[in-house]
Amino acid sequence: MKTFVSLSAVAACLIAAPALAQQAAPAPSPTSASAPASAPDAATAEAWIKAADQAYFDQTVRSGRTQWVYETNITDDTEALVAASNAESNTLMVRTAAEAARMAKVSGLTAEDQRKLVMMRTQITSPVPTTPGAAEDFGTRQARIQGLYGKGHGTLNGQPINGSDIEEAMGTNRNPDQLKEMWLSWHDNVGKPMKADYARMVELSNEGARELGFADTGALWRSNYDMDPAAFAALTEKIWNEVRPLYVQLHCYTRAKLGEKYGDGVQKKTGPIRADLLGNMWGQAWGNIYDVVAPKGAGDIGYDIGELLTAKGYDPVKMVKTGEGFYSSLGFAPLPETFWARSQIVKPRDREVVCHASAWDIDNKDDLRIKMCTKVNADDFVTIHHELGHNYYQRAYNQQPSRYYMEGANDGFHEAIGDTMALSITPEYLVQIGLLDRSKVPSADKDTGLLLRQALDKVAAMPWTLLVDRWRWGVFDGSIKPENYEAAWNQMRLKYQGLVPPAERPADAFDPGAKFHIPAVVPYTRYFLARVLQFQFYEAACKEAGWQGPLHRCSFYGNKAVGAKLNAMLSMGASKPWPDALEAFTGTREISGKAMIRYFAPLQKWLEKQNKGQDCGW
């Protein structure tokens with residue numbers, strides 16, 4: 001079973017349920033191969049790898065069915081079933097990783113077997129040592145800090161406000177004193193109490209990583225990219241430096257608009273931006289303050305997708321059918337009948353379910369499903385195209401001979417495919433499918449507003465998606481000590497994002513813990529990769545389609561040559577190193593931010609004009 005959702009499942013379950021994109025963790029099987037009694041040779045190792053691969057395949061199917069039942073019918077009974085399934089999966093994953101570490105020392109292994117052994121060992125994001133009591137210690141501490149996050153609250157006007165409500169309020173409130181209160185109270189109440197537990201978890205995780213043959217946990221995470229860990233870190237820094245000039249211009253323009261809104265006493269004309277003013281608790285996406293930064297005359301784009309859907313009589317099923325039609329136009333086969341019979345497209349009336357959108361492949365073959373509580377609106381129309389991208393990727397690689405190859409080429413690919421398809425919902429595409437009349441297509445003077453809206457989310461997120469793991473890599477390798485956790489975090493946020501807290505932070509604060517992925521121990525670099533890969537994929541599709549206009553208005557709907565080339569990449573799964581897969585579709589073996597720069601080139605030119613005379617940077 002492979003599941004993709006936009007936020008990861010609780011890492012304590014040790015089954016990542018992605019997409020923004022995470023994969024279900026390897027599943028244990030009572031019949032999984034045991035370690036040979038004598039010292040193994042290459043033939044013995046090969047036989048063990050084959051048996052472990054089959055055990056993983058079988059368990060992911062079992063755990064997938066259990067997880068589906070739970071998420072589409074939440075009861076005490078199904079919760080107990082999924083907890084047992086998660087424990088079973090965790091057992092196999094740990095046992096497999098430990099034995100894979102032993103097998104990795106065997107001489108004479110093929111390159112393919114060596115690669116599979118790395119995959120087996122790097123699926124555990126929180127390795128714990130075999131020392132008696134270590135697993136229980138780690139699990140207790142992680143449950144405690146995840147509980148702190150899940151039950152966490154801040155304050156607004158001195159009154160408690162929970163996590164989901166405070167996040168919403170940060171997006172709509174324009175009172176700088178209240179924003180400051182919410183930001184500080186959330187970080188103090190949620191992050192600070194978990195610092196000691198987190199530091200001990202780092203120690204335990206590093207011990208476990210070393211038992212698996214890695215220098216530390218950060219090196220383990222970076223070893224899953226078919227590259228030397230240090231080379232991978234250098235690659236992400238190179239990509240960031242390609243995108244940074246665009247980010248600096250966006251930062252400069254946004255800072256000026258915030259200064260106009262709040263005055264120099266709140267937001268200074270030069271230097272960093274106050275982190276609580278950006279419409280998001282973490283400053284990772286700025287779309288919520290579009291009303292503050294919108295250029296004069298940007299105006300309405302002239303249509304609303306939700307209104308178009310309603311006017312044309314769309315219901316949730318027709319929205320999914322339209323998404324399927326997009327992929328069919330590229331030459332992909334229709335979704336199986338079981339998709340329509342088994343998917344959860346709308347929220348059931350008779351039971352509690354997980355509404356967060358996700359895409360599933362239950363049997364690792366063709367039991368494809370989506371799980372949504374679809375409403376007829378623009379957001380869900382885009383989400384459908386995104387989630388179906390995961391489904392078509394899952395089906396494309398289902399012929400791979402190894403379950404370990406039935407994944408994205410790296411953990412950024414799956415999410416990037418979904419995002420690429422979301423980018424393709426342009427006015428031209430809406431015209432092609434009969435939703436928008438050509439006379440209503442926005443004129444070129446609306447492009448600045450359209451691109452700025454996108455940049456406030458996609459470009460603004462770039463440094464954040466980089467620094468979350470940058471900080472953790474330093475924590476894991478020991479260059480950032482517990483006593484310097486807070487200082488290093490704020491230094492890194494200043495360096496990459498150009499943001500500062502709304503007030504001085506004490507040394508014993510632990511602001512990283514105020515972000516879900518830190519206590520949940522969910523790696524974050526996948527989101528950085530997905531941000532740039534989606535533009536590479538989109539640009540490659542548009543070039544293949546012969547698109548001549550501005551890149552951000554491209555539609556490759558109906559182009560089967562694009563579909564054939566895309567399928568060539570998707571069908572590879574993870575069977576080859578990711579540069580091979582990237583080359584199959586884009587013609588290049590290098591992940592680069594240059595396609596993103598080209599996509600936003602008209603906006604960057606406009607921003608530079610608006611920022612003329614400003615002291616950009618921080």
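All values below were derived from every heavy atom in this structure, side-chain atoms included, with hydrogens, water molecules and symmetry-related copies excluded.
- A heavy-atom distance below 4.5 Å is not found between the side chains of Ile166 and Leu156.
- Contact annotation: the side chain of Leu148 never approaches that of Pro519 to less than 4.5 Å [non-hydrogen atoms, C-beta and beyond].
- A salt bridge links Arg470 with Glu237; the closest basic N to acidic carboxylate O contact falls under 4.0 Å.
- Two rings, from Tyr393 and Phe413, have their centers 6.0 Å or more apart.
- Every residue meeting the salt bridge (Lys or Arg N to Asp or Glu O under 4.0 Å) condition with Arg174, not counting sequence neighbours, appears here in chain and number order: Asp291.
- With hydrogens and angles left out, the side-chain atoms of Asp477 and Ser479 include a donor and acceptor closer than 3.5 Å.
- Contact annotation: the side chain of Thr254 approaches that of Leu456 to within less than 4.5 Å [non-hydrogen atoms, C-beta and beyond].
- The aromatic rings of Trp464 and Tyr524 sit perpendicular to each other, their planes meeting at more than 60°, with 30° as the lower class boundary.
- Side-chain contact between Phe214 and Thr122 is present, with at least one heavy-atom pair separated by less than 4.5 Å.
- Residue pairs meeting the salt bridge (charged side-chain N to carboxylate O under 4.0 Å, His left out) criterion with at least one member in residues 135-159, sequence neighbours excluded: Asp137-Arg141, Asp137-Arg200, Arg141-Asp197, Arg144-Asp197.
- Below 30°, between 30° and 60°, or above 60°: for His251 and Trp618 the angle between ring planes is between 30° and 60°, a tilted geometry.
- Few gaps surround CG on Asn241; more than 12 heavy atoms of other groups in view lie less than 6.0 Å from it.
- Looking only at atom types and distance, the side chain of Thr155 has a donor-acceptor partner in the side chain of Glu181 under 3.5 Å away.
- For the pair Arg526 and Trp578, the cation-pi criterion (under 6.0 Å, within 45° of the ring axis) is not fulfilled.
- Distance check, rounded to the nearest 0.5 Å: CG of Leu250 to CG of Leu452 gives 6.5 Å.
- A distance-only check finds a donor-acceptor pair linking the side chain of Gln534 to the backbone of Ala530 [under 3.5 Å].
- Under the 4.5 Å side-chain criterion, counting only non-hydrogen atoms from C-beta, Trp489 is not in contact with Arg505.
- Side chain of Asn484 to backbone of Ala487: no donor-acceptor contact under 3.5 angstrom is found.
- The cationic group of Arg222 does not satisfy the cation-pi geometry with Phe232, failing either the under 6.0 Å distance to the six-membered ring centre or the 45° limit from the ring axis.
- Heavy-atom contacts from other residues, nucleotides or ligands closer than 6.0 Å to CD of Glu352 number 12 or fewer.
- In this structure, Phe476 has its ring center at least 6.0 angstrom away from the ring center of Trp471.
- Checked against the 6.0 Å centroid threshold, Tyr247 and Tyr496 do not count as a close aromatic pair.
- The number of heavy atoms from other shown groups lying within 6.0 Å of NZ (Lys238) is above 12.
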Requested in this report: Please test Gln614 against Lys269 for side chain to side chain donor-acceptor pair (under 3.5 Å), starting from the C-alpha separation and ending with a verdict.
Outcome: CA-CA 8 Å; Gln614 296 287 328; Lys269 293 183 174 65; over 6 Å; no
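- Checking Thr75 against Asn73 by side-chain atom types alone, no donor-acceptor pair falls below 3.5 Å.
- Using the six-membered ring where Trp is involved, Tyr485 and Tyr198 have ring planes that are perpendicular, over 60° apart on the 30 and 60° scheme.
- Looking only at atom types and distance, the side chain of Gln536 has no donor-acceptor partner in the side chain of Ser592 under 3.5 Å away.
- Two residues are said to be in side-chain contact when any heavy atoms from C-beta on lie closer than 4.5 Å; Pro127 and Glu211 fail this criterion.
- No side-chain heavy atom of Ile273 sits less than 4.5 Å from a side-chain heavy atom of Gln497.
- Here Trp221 contributes atom CH2 and Asp469 contributes atom CG; the two are 5.5 Å apart, rounded to the nearest 0.5 Å.
- Electrostatic pairing of Arg210 and Asp216 does not count as a salt bridge here, judged by no charged N lying under 4.0 Å from a carboxylate O.
- When side chains are defined from C-beta on, Glu407 does not count as touching Asp411, because their heavy atoms never get closer than 4.5 Å.
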